[in-house]
K.L.:
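Have a look at this one before I ask anything.
Because the structure is a prediction, the values reported are computed rather than measured. Convention: sequence-line order gives letters A, B, ...; per-chain numbering from 1.
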Number of protein chains: 2
Amino acid sequence: MARARRNGAEDSVARTAILDAAEQLMLEEGYGAVTSRRVAMRAGVHAALIYYYFGPMDGLFVAVFRRRAEWMLERHAEALSSEQPLWALWDVLRDKNGALHLEFLALGNHRKAVGAEISSYAKKFRHMHLESLSTALGGYGVDGKSWPPVAVVVFLSSIARFLLMEQEAYDLDLGHAEAIEIVERHIRELEGERRSRASRSRARGSG
Amino acid sequence: MARARRNGAEDSVARTAILDAAEQLMLEEGYGAVTSRRVAMRAGVHAALIYYYFGPMDGLFVAVFRRRAEWMLERHAEALSSEQPLWALWDVLRDKNGALHLEFLALGNHRKAVGAEISSYAKKFRHMHLESLSTALGGYGVDGKSWPPVAVVVFLSSIARFLLMEQEAYDLDLGHAEAIEIVERHIRELEGERRSRASRSRARGSG
DNA sequence: GTCTATAGCTGGATAGAC
DNA sequence: GTCTATCCAGCTATAGAC
């Protein structure tokens, strides 16, 4: 495991402030706004400190991404362990906490270190989803020949994330309600009514 | 219609060279690499000329996007007029020519003018798809109550684009083959075997 | 239409004092 | 750990010569 940072304790106050500031900036103004100077100003520290903690800027981006991704992994694991894993996964995939994803996606396109990190986590998520849904769908008696679990995972992910993306980036939601209705109809056929909605509004603290 | 450019004929050689250079750069290195200097160098003109033709950089980005989008609109219209509109739409949605989309998406996030343009075209595409598929699905006797055409459009778009995105950005294709198989099974049930594959390899010239 | 020159700014990154 | 000072690079955008 390569260390992204060069110095400083994992739980240092300044380090956390820097991560929070970078994440906020990225969310509000895009990754182009995440410069050492602006992050430092927002975090209330001086720019040189960022290099002290994270090395070159890539290190900061990777650290921000990894922190988020780890937190999301936990939430997904939690969701999949619910007694209604399909509902839970669907809800957590549609969660707005994925808003940063788009930024990282683009960022990964021209920052190798970031791209590698994203790719690695994307695979972790897919494998995790697959493992749980294989069991669940098997239990529901779904024919794995015509509906392989891995395809179901891909469908759920595609639709959930794509709709979020369209809303976010295109301000477009024509057909979304109808599409969601169909997905949920199918989930309902397997798991019955959604019993508890995963706490959708729980946002990660940023300060 | 606001004019993005300030001067120069639509078909000027230099203007086209600049657009091509910008598009190539964006594809190869991301929009961050699209600076007036680098575009100029690649186009074999001088940087000031870009401002002459397109005004501030936003104008260049919008022009690149619009040129691509118009070309794609034509291709989609063509596809939808085929005698197998579902197959044709599915194929054209999965076409690699959408590779720039991701870049523009992120770019639109922090360049208002670009974002507005993207949003506008996204809606044009959706409406166009909807109109054609409504007719087609009706003709196939699909029950519009449980499978509204607009939902079908959203599904096809989501899956096609999301898979492309995963491949491109995540280097991830676990489950893709299975998902594609299911989609194509359903299309086949409505339209029979795919008779002609829309010329997938046709790439837009860039020089 | 095309190029030269340049003003003015912002950012990455480090050395070294404290 | 934190800050000061600084170097150097690259960018946008314009004015104005040709």
K.L.:
Can you identify which nucleotide, out of D:dC3, D:dG1, C:dC3, has its nearest atom closest to the B:Leu49 side chain?
P.N.:
C:dC3
K.L.:
What side chain to side chain donor-acceptor pair (under 3.5 Å) pairs are there with at least one residue in residues 152-163 of chain B, not counting sequence neighbours?
P.N.:
none
K.L.:
Tell me the interatomic distance from A:Asn7, atom CG, to D:dG1, atom P, rounded to whole angstroms.
P.N.:
8 Å
K.L.:
I need the full list of side chain to side chain donor-acceptor pair (under 3.5 Å) pairs touching residues 169-178 of chain A, with sequence neighbours left out, sorted by first then second residue.
P.N.:
A:Glu166-A:His176, A:Tyr170-B:His101
K.L.:
Heavy atoms under 4.0 Å is the rule here; annotate nucleotides 4-18 of chain C 5' to 3' with B where the base is hit, S where only the sugar-phosphate is, and - elsewhere.
P.N.:
B------BBBB----
K.L.:
Considering residues at least two apart in sequence or located in another chain, which fulfil the side-chain hydrogen bond (donor to acceptor under 3.5 Å, both in side chains) criterion with A:Ser12?
P.N.:
A:Tyr53
K.L.:
Please name all residues satisfying salt bridge (charged side-chain N to carboxylate O under 4.0 Å, His left out) with A:Glu184, sequence neighbours left out, ordered by chain then number.
P.N.:
A:Arg194
K.L.:
Between D:dT2 and A:Tyr53, is there an OP1 or OP2 to side-chain N/O distance shorter than 4.0 Å?
P.N.:
yes
K.L.:
Could you work out, with side-chain hydrogen bond (donor to acceptor under 3.5 Å, both in side chains) as the rule, every residue matching B:Ser36, not counting sequence neighbours?
P.N.:
B:Tyr51
